[in-house]
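A quick note: this is a predicted structure, and the numbers were derived from the prediction, not measured. Below, read A as the first sequence line, B as the second, and so on, with proteins coming before strands; counting in each chain starts at 1.
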There are 2 protein chains.
Amino acid sequence: MAMRKLSSTNYYNQTFLEDKCALNELIHLLSKRWLTEVMFSIEEGNSRFSSLKEDLKHISDNILADRLKLLEQYKLIVRNNHLGEVPARVEYSLTETGEKLSELLGGLCSFAENEMEFPS
Amino acid sequence: MAMRKLSSTNYYNQTFLEDKCALNELIHLLSKRWLTEVMFSIEEGNSRFSSLKEDLKHISDNILADRLKLLEQYKLIVRNNHLGEVPARVEYSLTETGEKLSELLGGLCSFAENEMEFPS
DNA sequence: ATTGAACAACTCCTTAAAAAGTTAGTGATG
DNA sequence: CATCACTAACTTTTTAAGGAGTTGTTCAAT
């Protein structure tokens, strides 16, 4: 999706923060739009590209593909290629780490809903 | 810091997700660079603009000002203007909600450090 | 007593970089 | 030839950074 510029202050500051604390790296991942929704949707049983696409109405193909790739890279989901079966298909599911993260995010979510006040 | 374009798909999707679940709104806030670090720094006792600036070496004035304003709007910190005293000064501190969030983020942080594997 | 430099806590404007979205297209399978 | 699971190229929108300027107070020298 386009190369990053390694010489910018922008990049420097980001890596500075990510080196300082892993939380920054995690938040940066989670902040990619649709990413948590993709995770939750997989958790709820939408295991295929097309059903995820249908479930997350407004997501576009390239973004969904990118988010799946990211989640896989970070070992939060696994990609299963069922080549032997007819029809051949790809299925995604959460890893243990993914499930644990999902649980933690559940906690954050109820905090957000019950204890935060979002301005106008 | 510049107006948002309300007619874009970008904006539409963001509000769609934020309406769907408050977690998205919270993550969007947390993903603003330096924001969590500003919170933690205040928690550790850096209560003034200048000491925060010093603590977070590479942050620039306008970003620090913006993050403080955001944190205040979301009621995670309070701004105290000590006008009566000499020298007059401004002090920031965490609210109860802010402290609670900080604790939750602590949990996420140890998850990130201990259970996640970040690619290369 | 007034001028001036220094600092605190910002704001405003511009530019650069990253992220999201749009459109079109690919290769495999049935 | 239609569907699935994508990829690539391009445009638009958003975010971060850079730098100058502002208001108000303190302290020191003229």
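- Here A:Y11 does not reach the OP1 or OP2 of D:dT15: none of its side-chain N or O atoms lies under 4.0 Å away.
- As a whole-Å value, the separation of A:Q14 CD from D:dT14 P is 20 Å.
- In this structure, B:S8 reaches the D:dT14 phosphate: one of its side-chain N or O atoms is under 4.0 Å from OP1 or OP2.
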Given the rule in the salt bridge (charged side-chain N to carboxylate O under 4.0 Å, His left out) test, do B:E115 and A:K100 qualify, once you have shown the distances and angles that lead to the verdict? CA-CA 9 Å; B:E115 321 214 20; A:K100 214 154 182 178; 3.1 Å; yes
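- Look at A:R79 and you'll find a side-chain N or O under 4.0 angstrom from OP1 or OP2 of D:dC6.
- With rounding to whole Å, A:R67 atom CZ is found 15 Å from D:dC6 atom P.
- Each of A:H58 and B:R89 lies near DNA chain C, and the nucleotide nearest B:R89 is the one positioned closer to the 5' end.
- Residue B:R48 places at least one side-chain N or O closer than 4.0 Å to OP1 or OP2 of C:dA9.
- Using a 4.0 Å heavy-atom criterion, one finds that A:Y12 contacts no nucleic acid atom at all.
- By the 6.0 Å contact criterion, CD on A:E91 is enclosed, its count of non-hydrogen atoms from other residues, nucleotides or ligands being greater than 12.
- Tracing side-chain contacts under 4.5 Å through hydrophobic residues (I, L, V, M, F, W, Y), one reaches A:L71 starting from B:F118; they form part of the same cluster.
- Rounded to whole Å, atom P of D:dT25 lies 11 Å from atom CG of B:N81.
- The side chain of B:S50 places an N or O atom within less than 4.0 Å of a non-bridging phosphate oxygen (OP1 or OP2) of C:dA9.
- Nearest-nucleotide assignment on DNA chain D puts the 5′-proximal partner with A:L68, out of B:S7 and A:L68.
- Taking CG of B:L56 as the reference point, atom CZ of A:F16 lies at 7.5 Å (rounded to 0.5 Å).
- Taking CG of B:L108 as the reference point, atom CG of A:L30 lies at 7.0 Å (rounded to 0.5 Å).
- Whole-Å rounding puts the A:I63 CD1 to D:dT13 P distance at 15 Å.
- The number of heavy atoms from other shown groups lying within 6.0 Å of OH (A:Y11) does not exceed 12.
- The local environment of CD in B:E103 is sparse, with at most 12 non-hydrogen atoms from other residues, nucleotides or ligands closer than 6.0 Å.
- Look at CG on A:L17: it is 15 Å from P on C:dA18, rounded to the nearest Å.
- Around atom CD of A:E54, no more than 12 heavy atoms belonging to other residues, nucleotides or ligands sit under 6.0 Å away.
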Test side chain to side chain donor-acceptor pair (under 3.5 Å) on A:N80 and A:R89 and set out the steps. CA-CA 8 Å; A:N80 269 295; A:R89 65 206 150 75; over 6 Å; no
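- Rounded to whole Å, the distance from CD on B:E54 to P on C:dA9 is 11 Å.
- Contact annotation: side chain of B:N13 to base of C:dG21, donor-acceptor pair absent below 3.5 Å.
- Contact annotation: B:K53 does not reach the phosphate of C:dA8 (side-chain N/O to OP1 or OP2, under 4.0 Å).
- Across the interface with DNA chain C, nearest-nucleotide mapping of A:I59 and A:R4 shows A:R4 to be the residue nearer the 5′ end.
- Going from atom CG of B:L52 over to atom P of C:dA8 covers 12 Å, rounded to whole Å.
- We find that CG of A:L71 is positioned 16 Å from C1' of D:dA5, with the value rounded to whole Å.
- Residue side chain A:N10 does not reach the base of D:dT15 through any donor-acceptor N/O pair under 3.5 Å, judged by distance alone.
- Atom CG of B:L101 and atom CE of B:M39 lie 4.5 Å apart (nearest 0.5 Å).
- Proximity of residues 26-35 of chain B to DNA chain C (heavy atom under 4.0 angstrom from any strand atom) is not detected for any residue.
- Note on the helix from C:dA1-D:dT30 to C:dG30-D:dC1: angle between the axes of the first and last five pairs equals 10°, rounded to 10 degrees.
- Contact check, A:T9 against D:dG18: a side-chain N or O comes under 4.0 Å of OP1 or OP2.
- Within 4.0 Å of A:D61, counting heavy atoms only, lies at least one base atom of the nucleic acid.
- Salt bridge status for A:E18 with A:K20: absent, with no side-chain N to carboxylate O gap under 4.0 Å.
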